[in-house]
Amino acid sequence: MSYNPKEIEAKWQQQWEAEQAFEPSDSLTQKKKYILSMFPFPSGRLHMGHVRNYAIGDALARYYRKQDYNVLHPIGWDAFGMPAENAAIKHGKHPKEWTYSNIDYMRKELGTLGLSFSKTREFATCDPLYTKHEQKFIIEMFEKGLLYRESTTVNWCESCHTVLANEQVEEGCCWRCDNPVELKEMPGYYLDIIRYADELLEDLAQLEGKWPSQVITMQRNWIGKSQGLAFDFELTEESKAKLGGKFDRYEVFTTRPDTIYGVTYSALAPEHPITKYLVEHNLLDSEVAEKIKAIANMSEVERAKQDKEGYPLDISVIHPLTGEEIPVWTANFVLASYGGGAVMAVPAHDERDFEFATKYNLPIKRVIEGGEELPYTGEGLLVDSARFSGMKNSEAKLKIIEHFESEGLGKGTTNYKLRNWGVSRQRYWGAPIPFVHCQDCGLVPEKFENLPVALPDDVEITGEGNPLENHPTWKQCSCPKCGKDAVRETDTLDTFVQSSWYQFRYATNPKKWEEVGIDKADTDYWLGVDQYIGGIEHAILHLLYARFFTKVLRDLGYHDIDEPFQRLLTQGMVLKDGAKMSKSKGNTVDPDALVDKYGADTARLFILFAAPPQKELEWNDSAVDGAFRFIKKLYDRSSKVTGKTLPDIDQSSLSKESKLARVKVYEALQKSADVYEHTFAFNTLIAACMEALNALDKQDNSDVWTEGMYIMLNLLEPIIPHVATELSEKLFGRENFKGKIEVKDEVFVQESILYVVMIGGKKRTEIEVSPDANNDEILAAAKEAGAKWLEGMQVVKEIVVPNKLVNLAVKPK
RNA sequence: GCGGAUGUGGUGGAAUUGGUAGACACGCCAGACUUAGGAUCUGGUGCCUAACGGUGUGGAGGUUCGAGUCCUCUCAUCCGCACCA
């Protein structure tokens, strides 16, 4: 009888399906675990990254199920998005058809891996029912003022024909297609994530030690909180006149109010309204105006690569404390999107301001002592700063803010690098934004009873323009408020909106799915997700948005959860030949082919054995063979088992080899809880089982074999469930899968203990000592055994590490 | 530039947190056994050395009886952010 993975795996997959073995209980009082692997985009086929992701999650889910937890381990489909439209353009297949047929195929693939997902909680985010509830949340956010529509400069990807959120721009290029992003002025919908910036930042502290520190740091930097002073520069009368009386003043933000007396110029972004006004009204030299326009057309990334460049605007402002006139420039390094697009410049104490001032011969005025050379950005005492002179700059920061506030000149302010989340996309395959434009009423949300605002099926997808915009009738509607003819919004929601609340949808009992999006009792029971598993690439985008949504939905009354994901494991990439597997590089390994050749258990075992989950995994075909060999050996040795239950073994009657085998078996058992609950170092648990099997093989006591198999199959079931269940069923009627197996300490009691003898810090020899020998006896034995190395030496210190070693520190006599 | 990691045999990786470095596996070498299989089994395998022995966790110092592990400096690689005033 040889190991036949195909037969075994098909048998158990069918049985699990028939038993509905992996459905969580509806009882909300049992101890629970919510194990979640990030859901896949239905691209067509699984890749090894998916297999790794789900093998990790499944191991945890199966482990906790065996420990009598109520386990929620769901799967679904992140189903909206560009690739479905691209496929439509390329192959003429409707995005809906493409998506759902991909889902059907991938569901089968997941099935062959024997993953213990709930079947009843599966959904696709493009299901109209999911859209319906999401649109309701969106409307509620609008009503709370959290969602707003505004026309502003946006990131535009010409190749995807859509707007991108800040988070979706990577080095100035589109995160999806890598095309350079352009800046464009257009209306869009925004979620006020900045309102939650402080909470998002502060709650990161709760995740310390539970999320990878790298992810926490990335989020902290992305939010980019900084505190300082915001104040207005008033324009001189002459400048006001030049600007046609349209502007009196503008606001600037600084984190260095302590350097305020060193201001020698002010700089505006090329997009700043004042700069724009000057350019548009031909108030500047035409050559200069052209140059400014050229900068304004450049993306931020392009600008960052350029040298500092700027032009005087021939206007001035008044220093709020000294009354001095300060020239105003426009400069390419001033960002329009941060701090109002205007800065005060202190070249003596800021590197950028210094570089710019040097280039254009602007004055430089030192106001902080310290350092020989300028710019000096360190700490020091203030000079030439009126009544603040002599103060420490850290103290002056606060005092100067206080002064501004008491004089009504400005106030202490917090700024964030985080921008509000632009959620509208000019694409078809997404959730429609449920609003209507009415001539009389303006922007009006659709009535709840009319939700979902569903996508029309009869569209032509050409890649040119927005198919909803081009549809002959879809956007014609009546105003939900006044009933007059109105026009439907044709933008759809960013797909990251769907993945921001799916963790709550899974938790909601499917029996309630029709009526509610999120059920409070269910959510409060199941959330937070006890273990979330996914790729590091979502460190900011998805994980920040999902945290934000969690807080918003909490404040809308849907649940009481502050953080959605209690613990996060970021898995490493799967590599082959040192590079990420990708079709274009031709270095992929197809999961289907692997399962077909070796079976799912081998695929899972290899993936968990080859590297710890957090690290990159280098594919190795012959190591896959090794994993297969181990399973075969395990299967073969099952014939050594004679008992049906965990035997009572008289330790004293055993051979040395049998005792060692028991030690190895129980060491693996001891290790397992730590691995499954804390470290996730499955590779070391598998290695421990291999050691145990090797040790069992060196002895022939059938009780020891029975005990070893009983325990090992329990430990390995989460990793190689099919073969482990098959053997357990045959040998033990699956009794060994019920509850926790206790560690027997007597197994570890040894008749003699091996001590390593180190002399002068070097390992020299070994001694065997009785367990009840005292230190003097151990030392005497060590000296005797090490006499050769002690000749002519004097022992200056004697160290005995219990059960480990003896170290004799020596020096020449 | 700022921030975060990571450096251990030919390879993937272990090392109970300061106590025998290289577990386990791949690969390689030698042998056995074959009704030639996805074989299987046995032994060996960090480096230098005929051996005694020496040496060895990116490098240089330090603390310690003892350092892959702690401290200081340094080098390399990877990742993230990148003019945020």
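Chain A is the first sequence line, chain B the second, and so forth, proteins listed ahead of strands; every chain is numbered from 1. As a basis for the values below, the full set of heavy atoms in this structure was taken, side chains included, without hydrogen atoms, waters or symmetry mates.
Of the residues in residues 663-671 of chain A, not one comes within less than 4.0 Å of RNA chain B through any heavy atom.
A sub-4.0 Å separation between OP1 or OP2 of B:rC26 and a side-chain N or O of A:R629 is present. Contact check, A:Y416 against B:rC84: no side-chain N or O comes under 4.0 Å of OP1 or OP2. Remark: A:R764 is in phosphate contact with B:rG54, judged by side-chain N or O atoms under 4.0 Å from OP1 or OP2. For the OP1/OP2 pair of B:rA5 and a distance below 4.0 Å, the side-chain nitrogens and oxygens of A:S213 include at least one atom meeting the criterion. OP1 or OP2 of B:rG53 sits under 4.0 Å from a side-chain N or O of A:K788. Between A:K797 and B:rC65 there is a side-chain polar atom (N or O) within less than 4.0 angstrom of OP1 or OP2. Put simply, A:S226 has a side-chain N or O that comes within less than 4.0 Å of OP1 or OP2 on B:rA85.
A centroid separation of 6.0 Å or more is found between the aromatic rings of A:Y598 and A:F606.
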Using a cut-off of under 3.5 Å, enumerate the N/O to N/O pairs linking the protein to nucleotides 6-12 of chain B.
unit_1: B:rG12; atom_1: O2'; unit_2: A:A610; atom_2: O; d: 2.4

Kindly give the atom pairs (protein nitrogen or oxygen, nucleotide nitrogen or oxygen) under 3.5 Å for nucleotides 66-69 of chain B.
none

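Taking the syn range as angles within 90° of 0, the glycosidic angle of B:rG9 is syn.
The base of B:rA85 lies outside donor-acceptor range of the side chain of A:R256, with no N or O pair under 3.5 Å.
Remark: A:T377 OG1 to A:D350 CG distance equals 8.5 Å, nearest 0.5 Å.
In this structure, A:E657 does not pair ionically with A:K698, as no charged nitrogen and carboxylate oxygen lie closer than 4.0 Å.
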